[in-house]
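This report concerns only the one structure given below.
Chain letters run A, B, ... following the sequence lines, proteins first, then strands; residues in each count from 1.
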There are 2 protein chains.
Amino acid sequence: MQKKAIVNKLRSSGLRPTKQRVLIARNLFERDKTFHFTVETLNKEINKKGSDKVSLATVYNTVEAFTKAGHIKQILTSKSKSYFDTNIKSHHHFYDEDSKELTDINYNQVKLSKVPHPPKGKKIKNLEVVIRLQK
Amino acid sequence: MQKKAIVNKLRSSGLRPTKQRVLIARNLFERDKTFHFTVETLNKEINKKGSDKVSLATVYNTVEAFTKAGHIKQILTSKSKSYFDTNIKSHHHFYDEDSKELTDINYNQVKLSKVPHPPKGKKIKNLEVVIRLQK
DNA sequence: TTTATAGTTTAGAATTATTATAAACTAGAT
DNA sequence: ATCTAGTTTATAATAATTCTAAACTATAAA
Ligand SMILES: [Mn+2]
Ligand SMILES: [Mn+2]
Ligand SMILES: [Zn+2]
Ligand SMILES: [Zn+2]
């Protein structure tokens with residue numbers, strides 16, 4: 001994804017392409033592979049080396065804005081820190097209880113042959129599987 | 001579950017049946033139905049009305065001890081607060097994005113016809129499905 | 001182009017959830 | 001009854017996140 005595309009992505013979701021947002025978006029989306037992150041890891045990544053500094057408040061604001069816009073998504077965990085994913089396609093996760101690491105499971109690696117009906121008046125938005133691993 | 005059984009449950013997991021632990025355990029397990037809670041809701045429930053007071057620190061300690069002992073389990077959410085479940089059987093959840101409520105899905109309401117192999121040297125400890133609902 | 005303004009960034013304070021500390025207390029063994 | 005490791009508690013500390021309000025800026029309008 002090139003800078004032009006990044007700017008369009010931001011504009012298309014009603015977000016002004018500010019210096020900070022473009023910097024963060026390039027860091028998140030100009031990669032070969034999707035990945036998982038926390039605000040803490042993203043903030044470190046963004047603010048390392050000689051690059052222009054972005055405040056922690058802005059990292060929080062931007063992550064929230066990108067989540068609301070659907071550019072990233074929040075991941076289910078049982079931890080006190082929020083995890084996010086640049087892979088917004090429907091997919092599943094392994095959670096390694098020993099290393100505490102989350103890794104993607106390809107969507108077609110899991111098949112469901114029976115899914116419950118949603119309660120009246122509600123629709124299924126998505127379905128996520130988490131497989132916990134142990135030694 | 002009667003008081004005697006509660007005391008045994010605590011003893012069997014190496015926990016002394018103190019006044020506070022028994023009070024909390026009775027509140028959690030002497031019910032017809034399992035339920036979901038946070039430390040905050042449990043603390044309110046335990047410390048309301050004329051009952052003996054239990055400190056918040058003890059509620060945290062006890063929830064941690066009960067989780068380690070396998071009497072309750074922590075639930076996957078994408079929130080900053082930890083949720084717990086008195087239903088320790090393998091089961092799944094609906095998560096209502098509008099009301100932000102978690103409800104149980106019976107285990108046999110979900111069937112998986114394909115599950116990925118765990119990475120080398122790891123075993124599958126359990127598998128949880130979360131179905132997000134929207135209006 | 002300037003100008004106006006709504007949107008954005010920021011440092012720092014505030015809040016919230018959780019964990020740590022260390023002194024007082026107690027269950028249960030002897 | 002005495003002893004002691006385990007437990008409880010008030011309170012402090014830490015960690016994650018949200019709030020605040022002043023300074024700044026992207027961009028639309030003049
Ligand atoms: Mn915390
Ligand atoms: Mn928080
Ligand atoms: Zn993922
Ligand atoms: Zn449940």
Side-chain angles (χ1 to χ4, degrees), chain A residues 3-4 6-27 36-47 51-69 71-84 100, chain B residues 3-4 6-27 36-47 51-69 71-84 100:
Chain A
K3 187 173 177 183
K4 192 75 174 288
I6 291 284
V7 169
N8 286 340
K9 183 193 276 250
L10 294 177
R11 284 233 166 77
S12 76
S13 46
L15 298 168
R16 287 187 184 172
T18 62
K19 200 164 39 128
Q20 294 87 342
R21 283 175 180 160
V22 171
L23 184 65
I24 292 172
R26 296 187 77 174
N27 191 291
H36 302 144
F37 65 95
T38 64
V39 168
E40 190 191 10
T41 62
L42 178 59
N43 185 53
K44 267 187 194 134
E45 180 66 22
I46 289 293
N47 284 303
S51 55
D52 325 73
K53 291 286 172 282
V54 178
S55 78
L56 179 59
T58 295
V59 179
Y60 270 103
N61 289 343
T62 303
V63 166
E64 191 189 8
F66 287 7
T67 303
K68 280 189 177 151
H71 301 318
I72 57 179
K73 65 176 190 185
Q74 206 170 351
I75 300 181
L76 300 170
T77 71
S78 54
K79 315 174 80 174
S80 50
K81 207 182 281 192
S82 289
Y83 280 73
F84 298 88
K100 275 98 169 72
Chain B
K3 188 174 176 184
K4 191 75 173 289
I6 291 282
V7 168
N8 286 341
K9 183 193 275 250
L10 295 177
R11 284 235 167 76
S12 75
S13 47
L15 298 168
R16 285 189 186 170
T18 63
K19 200 166 40 133
Q20 295 86 342
R21 283 175 179 160
V22 171
L23 184 65
I24 292 172
R26 297 188 75 172
N27 191 291
H36 303 143
F37 65 94
T38 64
V39 169
E40 190 191 11
T41 62
L42 178 60
N43 186 53
K44 269 189 193 132
E45 180 66 22
I46 289 292
N47 284 302
S51 56
D52 326 72
K53 292 285 173 281
V54 177
S55 78
L56 179 60
T58 295
V59 179
Y60 270 103
N61 290 342
T62 303
V63 165
E64 191 190 8
F66 286 7
T67 303
K68 281 189 176 151
H71 302 316
I72 58 179
K73 64 176 191 186
Q74 206 170 352
I75 299 181
L76 300 171
T77 71
S78 54
K79 317 177 77 175
S80 49
K81 206 183 281 191
S82 288
Y83 280 72
F84 299 87
K100 276 98 169 70

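- Residue B:R11 places its side chain closer to C:dG28 than to any other of C:dT19, D:dT7, C:dG28.
- Candidate nucleotides D:dT17, C:dG28, C:dT19 were compared by shortest atom distance to the side chain of B:P17, and C:dG28 ranks first.
- One can place CG of A:D52 at 19 Å from P of C:dT8, the figure rounded to the nearest angstrom.
- Going from atom OG1 of B:T38 over to atom CD1 of B:I75 covers 10.5 Å, rounded to the nearest 0.5 Å.
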| task | Take A:N43 and A:Y60, measure what side chain to side chain contact (heavy atoms under 4.5 Å, CB included) needs, and give me the verdict at the end. | result | CA-CA 9 Å; A:N43 185 53; A:Y60 270 103; over 6 Å; no

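- Residue B:S55 places its side chain closer to D:dT9 than to any other of C:dT18, C:dT9, D:dT9.
- You'll find that the side chain of B:Q20 is closest to D:dT8, out of D:dT17, C:dT19, D:dT8.
- In the set D:dG6, C:dA17, C:dT8, the nucleotide with an atom closest to the side chain of B:R16 is D:dG6.
- Within the nucleic acid shown, B:K79 has no heavy atom closer than 4.0 Å to any nucleic acid atom.
- Heavy-atom distances to DNA chain C give each of B:K19 and B:L56 a nearest nucleotide, and the one nearer the 5′ end belongs to B:L56.
- Atom OH of A:Y60 and atom P of C:dT15 are 17 Å apart (whole Å).
- Per the geometry, CD1 belonging to A:I46 stands 11 Å off P belonging to C:dT10, to the nearest Å.
- In this structure, OH of B:Y83 is placed 12 Å from C1' of C:dA17, rounded to the nearest angstrom.
- Residue A:S82 has a polar side-chain atom (N or O) positioned under 4.0 Å from OP1 or OP2 of D:dT17.
- Considering only side-chain N and O atoms, A:R21 lies nowhere under 4.0 angstrom from the phosphate OP1 or OP2 of D:dA26.
- For A:K53, the NZ atom is densely surrounded, since the number of other residues' heavy atoms within 6.0 Å is greater than 12.
- Separating the CD atom in A:Q20 from the CG atom in A:D52 is a distance of 8.5 Å, to the nearest 0.5 Å.
- Of the possible donor and acceptor atoms, one in the side chain of B:R21 sits under 3.5 Å from a partner among the backbone N and O of B:R16.
- A close approach under 4.0 Å does occur between a side-chain nitrogen or oxygen of B:T58 and OP1 or OP2 of D:dT9.
- In this structure, B:K68 atom NZ and D:dT7 atom P are separated by 12 Å, rounded to whole Å.
- When distances run from any side-chain atom of B:A57 to the nucleotides C:dT18, D:dT9, C:dA11, the shortest one goes to D:dT9.
- Mapping B:T18 and A:N61 onto DNA chain C by nearest heavy atom places A:N61 closer to the 5' end of the strand.
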